[in-house]
2 protein chains.
Amino acid sequence: MDRIDVKILSYLQEDCRMPISTLADKVGLSTSACHRRIKLLESGGQISGYVARLDAKALGYSIEIFVEITLHSQSEDTLEQFEIAVQKAPEISECHLMAGQADYLLRVVAQNVADYEQIHRNALSRLPGVAHMQSSFSLRTVRPWAGVPVIQR
Amino acid sequence: MDRIDVKILSYLQEDCRMPISTLADKVGLSTSACHRRIKLLESGGQISGYVARLDAKALGYSIEIFVEITLHSQSEDTLEQFEIAVQKAPEISECHLMAGQADYLLRVVAQNVADYEQIHRNALSRLPGVAHMQSSFSLRTVRPWAGVPVIQR
DNA sequence: CAATAAAATCGAATATTATTCCAATAATCT
DNA sequence: AGATTATTGGAATAATATTCGATTTTATTG
């Protein structure tokens, strides 16, 4: 992982469809050398995949909500049951086990407020072990997720 | 946006490097028809780009923190100054203007606790207008961001 | 319901890009 | 310095994307 690898990663994190020859120019390498480095970053696990970024708004998802979840207990079994249920709920876009106040932080996208109400009632509140939920609505995304900061420090 | 488009989107959201011919098979179309639909989804804005997904752990970023920010005031000027500063801080991976308790929700990834302390002191606490910050650490990602839920409802 | 128009599809030809391979160069080690 | 190893560059090949015209399907209208 030298300076060139960092450049490669940050370009690919922005646009992974650019031809290797173009990327090679940007980082100052030949196509084949650049290609080899990319393959090493893939097999080394630094690059975990290539995905299309979808526009939530364009797909009709206009609101985004962060939900803090507190469970009845923090027993291993309670946590496990909760997590199994989370994996099965497509409405939940993301889930973290947290230190501090709440036990879990969920992230949900919904078509509109009515849609969210439905998700809240039919999916979230039915998750096993939930004692308390607090929803926080995102009014506007100031800075969308731009990936892992591959900066040299 | 019919059922086939939905399939295309959800496959591409998982893996955008698969050959169009492979994707075409999966959705039951010829290569050229599938190609045409993809181009329409791109120009229609449903697909906003193609990016490499980097593995934060593999790049040495072992911790992830959600930071709730409360500002001194909610005047337009205060908000604007804050947001301008956020855009310039590469340490901040994501930022939302929120309804409810806190004014903003930030997301930060850091190499370790010492690294985060440094970010907290040198970057976050120097953002203009900050009255209060509350950091919540993710202990484990139960379910990583899997994209916009392109399910038929 | 039939006739027409519009849109979507398919398969083949072409263009672009990825991948492989080997000789040459640069970096590392003793 | 000399030997060894890793990295690079360029050309040949393989794979994939893109284009195009003919055909089929779907939608529209009288």
Contacts under 3.5 Å, N or O only, protein and nucleotides 18-20 of chain D:
residue, atom, partner, partner atom, Å
D:dT18, OP2, B:H35, NE2, 2.9
D:dT18, O5', B:H35, NE2, 3.3

Could you give the CG-to-P distance, from B:L29 to D:dT24, as a whole number of Å?
-> 17 Å
Short side-chain to backbone donor-acceptor contact, B:S62 and B:Q111, under 3.5 Å | yes
Could you state the CE-P distance from A:M18 to C:dA18, rounded to the nearest angstrom?
-> 11 Å
Tell me: CG of B:L41 to P of C:dA8, nearest whole Å?
-> 12 Å
Heavy-atom closest pair, residues A:A24 and A:C34 | CB-CB, 3.8 Å
Looking for any heavy atom pair under 4.0 Å, which part of the strands does B:R37 touch: base, sugar-phosphate only, or nothing?
-> sugar-phosphate
If only atom types and distance count, is the side chain of A:Q101 paired as donor or acceptor with the main-chain N or O of A:T70 below 3.5 Å?
-> no
Return the value, rounded to whole Å, for the distance between atom CG of A:L40 and atom C1' of D:dT7.
-> 10 Å
For A:R36 and D:dG10, give me the distance from atom CZ to atom P, rounded to whole Å.
-> 17 Å
Should we say atom CD of B:Q134 is surrounded by more than 12 heavy atoms from elsewhere, each under 6.0 Å from it?
-> yes
To the nearest angstrom, the CD1-P distance between B:I38 and D:dA17 comes to 8 Å
Side-chain donor/acceptor of B:S48 to backbone N/O of A:R53, under 3.5 Å | yes
Whole Å only: how far is the CD1 atom of B:I4 from the P atom of C:dA7?
-> 18 Å
Answer yes or no: is there a donor N or O on one side and an acceptor on the other, between the side chain of B:Y104 and the main chain of B:L71, under 3.5 Å?
-> no
Is a donor on one side and an acceptor on the other found under 3.5 Å between the side chain of A:T78 and the backbone of A:Q74?
-> no
Side chains of B:D5 and B:V150: does their closest heavy-atom pair fall under 4.5 Å?
-> no
Of the nucleotides D:dA17, C:dC10, D:dT7, which has the atom closest to the B:P19 side chain?
-> D:dA17
In short, the helix from C:dC1-D:dG30 to C:dT30-D:dA1 is bent end to end, axes from five pairs each side, to 10°, by 50°
Nucleotide C:dT16, atom C1' - distance to CG of A:L23 in whole Å | 17 Å
CD/B:E14: more than 12 non-hydrogen atoms of other groups inside 6.0 Å = no
